[in-house]
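Below you'll find the structure, written out as structure tokens, and then a few comments.
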Amino acid sequence: MIAETDTPQAAGSCCSSTGSCHDGAADVQVGGVTAVYEVEGMTCGHCEGAVSEEISGIAGVTSVKAEAATGRVTVASAAPLSDDAVREAVDEAGYELVGRA
């Protein structure tokens, strides 16, 4: 499962029988710096969307791709991000940042 920051979210549980909230997603756009983080607690497309939305609000972020199946979140940004800013965004989404993958 992969979520981009523009993934629409339905009210309530959005998981289909396949565990997906969407039909698919494009690759992360490369630009500047790319970092991969490990996030604990994501189980479905809704989780991916919540994490992606919060991280995309960090200044300088150009693209976010969250994958519940692996627990990894790939973030492209204009400049390196502070781990504290990413941790705060992940916390706000309701999940736990384990660290960089």
Side-chain angles (χ1 to χ4, degrees):
M1 288 185 275
I2 300 172
E4 291 290 331
T5 55
D6 61 349
T7 301
Q9 296 180 15
S13 177
C14 62
C15 296
S16 68
S17 61
T18 63
S20 177
C21 286
H22 52 281
D23 295 330
D27 290 335
V28 168
Q29 299 171 3
V30 177
V33 177
T34 301
V36 180
Y37 299 92
E38 188 174 337
V39 174
E40 194 170 273
M42 294 188 300
T43 59
C44 68
H46 176 77
C47 301
E48 294 168 339
V51 169
S52 294
E53 182 178 342
E54 290 297 332
I55 293 175
S56 69
I58 300 171
V61 171
T62 57
S63 181
V64 180
K65 180 174 73 172
E67 299 179 62
T70 63
R72 294 195 175 203
V73 180
T74 304
V75 181
S77 57
L81 301 176
S82 113
D83 286 346
D84 288 339
V86 176
R87 184 174 311 282
E88 186 175 313
V90 171
D91 286 348
E92 184 67 27
Y95 303 91
E96 182 181 346
L97 178 67
V98 175
R100 290 186 186 247

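Here the structure is a predicted model, which is why all the values come from computation and not from measurement. All values below come from the heavy atoms of this structure, side chains included, with hydrogens, waters and symmetry mates left out.
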side-chain contact (heavy atoms from CB on, under 4.5 Å) with Val73: which of Glu38, Met42, Glu67?
Met42
Kindly indicate, with the supporting measurements, whether the criterion side-chain contact (heavy atoms from CB on, under 4.5 Å) is fulfilled by Leu81 and Tyr37.
CA-CA 11 Å; Leu81 301 176; Tyr37 299 92; 4.2 Å; yes
Give, for atom CD of Glu48 and atom NZ of Lys65, the distance between the pair rounded to the nearest 0.5 Å.
10.5 Å
Heavy-atom closest pair, residues [X] and [Y]:
{"X": "Thr43", "Y": "Ala68", "answer": "C-CB, 3.8 Å"}
{"X": "Glu54", "Y": "Ala93", "answer": "CG-CB, 3.7 Å"}
{"X": "Gly41", "Y": "Cys47", "answer": "O-SG, 4.3 Å"}

So, does Ser77 use its side chain to make a donor-acceptor pair with the main chain of Gly60 at under 3.5 Å?
no
Single-linkage hydrophobic cluster Val75~Ile58, side-chain heavy atoms < 4.5 angstrom
yes
Listing request: all salt bridge (charged side-chain N to carboxylate O under 4.0 Å, His left out) pairs with a residue in residues 75-97, at least two apart in sequence or in separate chains.
Asp83-Arg100
